[in-house]
Amino acid sequence: MRFSVQRMFLKPIIQSTSSCAAGRAGLPAGPWAPTCRRAAVNGRRSSKRPSPICPAPFGRRSAVPLLIAILALCTGSAGAQSTNLSLFQDIAVECLGELPQGVRDVVLTAPNEMPYVRSALVSVWQSNGHAVFIADIADGTAGDRARVTIALEEARVAYTRSSSRLSRNVHLSLRYSVSNPDGRVLVDDRCAGRRSDVIARGDVDAVEHEEYPETQGELPPAGRYRRLIEPAVVTAATAVAVYLFFTLRSAGGDGS
């Protein structure tokens with residue numbers, strides 16, 4: 001009896017060179033690794049159109065930080081800036097935070113234009129152990145309390161261009177006097193202070209207060225770069241952010 005022996009040839013396994021050959025699970029590439037639909041089937045390339053189920057070379061992990069950076073660029077500075085109002089308060093406290101030695105309870109007369117300055121001073125004096133009374137309320141009951149009188153000389157905010165940002169200058173000038181209950185003047189002086197820093201032009205609305213005109217300043221004209229180039233850059237960055245958002249969303253849906 002003859003036996004015909006047929007030589008059997010195994011078709012070689014063609015491994016995909018695609019970066020997704022290891023699949024989404026992070027398995028090592030090899031003959032046992034799950035392959036994507038771009039891999040060869042039975043030794044031949046599939047005639048079907050490849051299905052985009054494999055992760056793109058630009059993966060989600062690398063895209064998320066870029067997306068966050070672009071959104072930060074489009075929304076402007078995220079860092080918190082001191083408001084012009086708070087800077088006025090800081091200057092006033094620096095000028096009048098310490099009362100003359102021997103003064104305990106005081107009756108305060110302050111301008112109505114900047115009530116937040118009066119509030120800041122009252123808070124500091126009370127934290128230092130002084131009892132504070134408002135002149136309009138304490139008249140006739142001042143007794144042996146000292147008197148503090150504050151008059152506003154100047155309060156202004158100025159912006160100047162500093163490259164693509166704004167240089168901010170906040171100036172406050174106060175006239176003040178402190179007198180004993182018997183009318184003897186202890187202090188009669190003038191105090192002026194200034195705060196300067198650099199802010200983004202987009203932060204101006206956040207640092208000003210519409211109800212207090214002295215906290216607002218006139219903006220310098222925008223430079224040529226800002227008028228012409230920056231809108232195009234912001235538009236392009238927004239378009240890229242939207243594209244990345246929907247790309248990542250689509251990739252996440254395919255992987256689920």
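Throughout, residue positions are numbered sequentially from 1 according to the sequence presented.
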Taking all heavy atoms of [X] and all of [Y], pick out the closest pair and write down the distance.
X: Leu152; Y: Ala155; result: CD1-CB, 4.1 Å
X: Tyr116; Y: Glu214; result: OH-OE2, 2.6 Å
X: Thr215; Y: Glu208; result: O-CG, 3.3 Å
X: Arg190; Y: Ala192; result: NH1-CB, 4.1 Å
X: Ala146; Y: Val103; result: CB-CG1, 3.9 Å
X: Val198; Y: Gln81; result: O-NE2, 4.1 Å

Check your understanding: Same hydrophobic cluster for Leu108 and Val187, using side-chain heavy-atom links shorter than 4.5 Å among ILVMFWY?
Key ->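 In one cluster: yes.
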Point to revise | Option among Leu121, Thr109, Val117 that satisfies the side chain to side chain contact (heavy atoms under 4.5 Å, CB included) test with Ile150 | key: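 Result for side chain to side chain contact (heavy atoms under 4.5 Å, CB included) with Ile150: Leu121.
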Practice item. Determine, stepwise, if the pair Glu154 / Ser173 fulfils side chain to side chain donor-acceptor pair (under 3.5 Å). Key: CA-CA 5 Å; Glu154 184 180 18; Ser173 177; 5.6 Å; no
Point to revise | Sidechain-backbone polar pair: Trp125 side chain, Val106 backbone, donor-acceptor under 3.5 Å | key: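 No; judged by distance alone, with no hydrogens or angles, the pair does not exist.
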**Study point:** Side-chain heavy atoms of Ser86 within contact of His209, under 4.5 Å
**Key:**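 Ser86 vs His209: side chains apart.
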**Study point:** Arg195 and Asn84 side chains, donor-acceptor separation under 3.5 Å
**Key:**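 Asn84 vs Arg195: no donor-acceptor pair found between side chains.
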